[in-house]
Amino acid sequence: MGDIFTIRAEALPPGWRLVALPEIDSTNEEIRRRENETPGEGLVVSAVVQVAGRGRRGREWSSPAGNLYYSVRLAQAERLGDSAQMSFVAALALCDALAEVAPHLAPRLKWPNDVLIAGGKVSGILLETSGPWLILGMGINIVSAPVISGGGYPATSLRAEGADLSSGDVLPVILRHLKSCVDLWRGQGFTVIRRLWLDRAQGIGAAITARLQSGDEISGTFRDIDSDGALLVDVEGHGIRRIMAGDVFFPASGASPHRPG
Ligand code: BTN
């Protein structure tokens, strides 16, 4: 069991560099500030604590000590618009890394990029851009999970699910998987990533509710994701609805957007 300060350079993908910090506002912000540092691609910043951790859609990401918070700088995709696919690449890498370090956890993927363990959200991914770079920020609940209220998705941690691991155990494995998934995506495109993502997806064929940015909700059956990564929901009487952004819930598992907070 090691913390992030014990990770050796040899444990990282070749050419990548880890800057491990005790405390920072947000690791995504710190990568942005280090724009002139090398390497360009493969700079990784992690922190024991974040005091202004950010989640998707402007939410806060609670970041106490014990969990894993880090960001990775990668080159943007060559084709405009393809960079958004990186969130599926990263989620796939994270899911496979967690399955490697703790196979009994049987992690699954929730659209677009959350990893679920026993139905609870164990991680989050925030994708941002900075000039020619993508900043991929990931948070993993290693020892604790926030108490979710007000219609958020139920959360869990590796410890709560019976995996006694530390950030230092997990981060090098994730970065190794991330490097190979990025190479796969760059070499073979999104088709193969989409297939692998679907193989690990939670709830295909099950009831799903997507809460859109507008607050509107769409409920139906989760059918697929398309070649852009959009969620395809079969809505009774209305056919397939294509959803580009939103939060999804699986009502049958008790994860509903309407649970009292
Ligand atoms: C989500 O809302 O699911 C995404 C959460 C992403 C959190 C990570 S923690 C490391 C990085 N720094 C941040 O401020 N956010 C991301």
Side-chain angles (χ1 to χ4, degrees), residues 1-4 6-8 10-14 16 18 44 46 65-72 85-126 136-146 148 153-185 187-188 190 192-206 208 222 225 229 248-250 252-255:
M1 299 265 295
D3 60 28
I4 52 173
T6 64
I7 297 171
R8 291 170 301 109
E10 309 83 74
L12 304 177
W16 288 27
L18 171 65
V44 182
S46 69
N67 293 334
L68 175 56
Y69 316 106
Y70 65 96
S71 301
V72 183
Q85 297 169 0
M86 182 62 84
S87 96
F88 294 87
V89 175
L92 175 63
L94 190 48
C95 187
D96 285 359
L98 294 180
E100 178 179 323
V101 293
H104 73 279
L105 297 180
R108 306 295 293 169
L109 290 170
K110 177 172 89 68
W111 186 85
N113 59 23
D114 290 336
V115 177
L116 300 181
I117 291 176
K121 172 168 159 134
V122 77
S123 66
I125 295 177
L126 179 67
L136 194 60
M138 301 197 194
I140 295 139
N141 299 334
I142 304 274
V143 300
S144 66
I148 303 297
Y153 205 88
T156 190
S157 67
L158 298 184
R159 177 175 288 175
E161 302 303 333
D164 198 13
L165 294 160
S166 71
S167 296
D169 299 328
V170 176
L171 182 56
V173 181
I174 299 172
L175 296 178
R176 173 162 50 77
H177 279 273
L178 180 62
K179 174 75 169 76
S180 25
C181 288
V182 169
D183 289 349
L184 185 65
W185 173 60
Q188 298 188 35
F190 188 60
V192 61
I193 299 295
R194 171 180 168 274
R195 176 46 48 209
L196 293 168
W197 189 96
L198 284 167
D199 288 345
R200 293 153 180 74
Q202 174 88 15
I204 294 185
I208 197 168
F222 175 17
I225 63 170
V248 303
F249 298 84
F250 301 106
S253 69

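Residues: numbered from 1 along the sequence shown.
If you take CD1 on Ile4 and OG on Ser167, they are separated by 6.5 Å, rounding to the nearest 0.5 Å. One finds the CH2 atom of Trp185 at 9.5 Å from the CZ atom of Phe190 (value rounded to the nearest 0.5 Å). Taking SG of Cys95 as the start and CZ of Arg108 as the end, the distance is 7.5 Å to the nearest 0.5 Å. Taking CG of Leu12 as the start and CZ of Arg176 as the end, the distance is 11.5 Å to the nearest 0.5 Å. A distance of 6.0 Å separates CG in Asp164 from CZ in Arg159, rounded to the nearest 0.5 Å. In this structure, the separation between CG on Leu18 and OH on Tyr70 is 11.0 Å, given to the nearest 0.5 Å.
Ala99 is linked by a side-chain contact (heavy atoms from CB on, under 4.5 Å) to Pro107, counting only residues two or more places apart in sequence or in another chain. Applying the side-chain contact (heavy atoms from CB on, under 4.5 Å) criterion to Ala97, with sequence neighbours excluded, gives Val173, Ile174, His177. Annotation: side-chain contact (heavy atoms from CB on, under 4.5 Å) contacts of Ser123 (sequence neighbours excluded): Leu94, Val115, Ile140.
Side-chain atoms of Arg200 never come within 3.5 Å of backbone atoms of Leu92 as a donor-acceptor pair (strictly under, hydrogens ignored). Lys110 places a side-chain N or O within donor-acceptor distance of the main-chain N or O of Val248, the cut-off being under 3.5 Å.
The shortest side-chain heavy-atom distance between Trp197 and Ile225 falls under the 4.5 Å cut-off. With contacts defined as side-chain heavy-atom distances shorter than 4.5 Å, the pair Trp111/Ile208 does not qualify. No side-chain heavy atom of Gln202 sits less than 4.5 Å from a side-chain heavy atom of Phe222. Side-chain contact between Leu196 and Leu184 is present, with at least one heavy-atom pair separated by less than 4.5 Å. Taking 4.5 Å as the limit, every side-chain heavy atom of Leu175 sits out of range of all side-chain heavy atoms of Lys179. Inter-residue side-chain proximity for Leu109 and Phe88 is flagged as unmet; no heavy-atom pair is nearer than 4.5 Å. In this structure, the side chains of Ile142 and Ser166 stay at 4.5 Å or more apart for every pair of heavy atoms. With a 4.5 Å cut-off on side-chain heavy atoms, Pro146 and Asn141 count as touching.
Between the side chains of Ser180 and Asp183, no donor-acceptor pair is found at a separation under 3.5 Å.
In terms of heavy-atom proximity, Ala102 sits nearest to Leu165 at CB-CD1, 4.3 Å. Across Ser71 and Gly137, no two heavy atoms sit closer than the pair OG-CA, 3.7 Å. His104 and Gly162 get closest at one heavy-atom pair: NE2-O, 3.8 Å. Between Ala11 and Pro172, the shortest heavy-atom distance links the atoms O-CB, 3.8 Å. Contact record, Ser87 with Pro112: OG-CB, 4.5 Å, taken as the closest heavy-atom pair.
When each of Asp169, Asp3, Leu158, Leu171 is paired with Leu68, the side-chain contact (heavy atoms from CB on, under 4.5 Å) condition holds for Leu171 and for no other.
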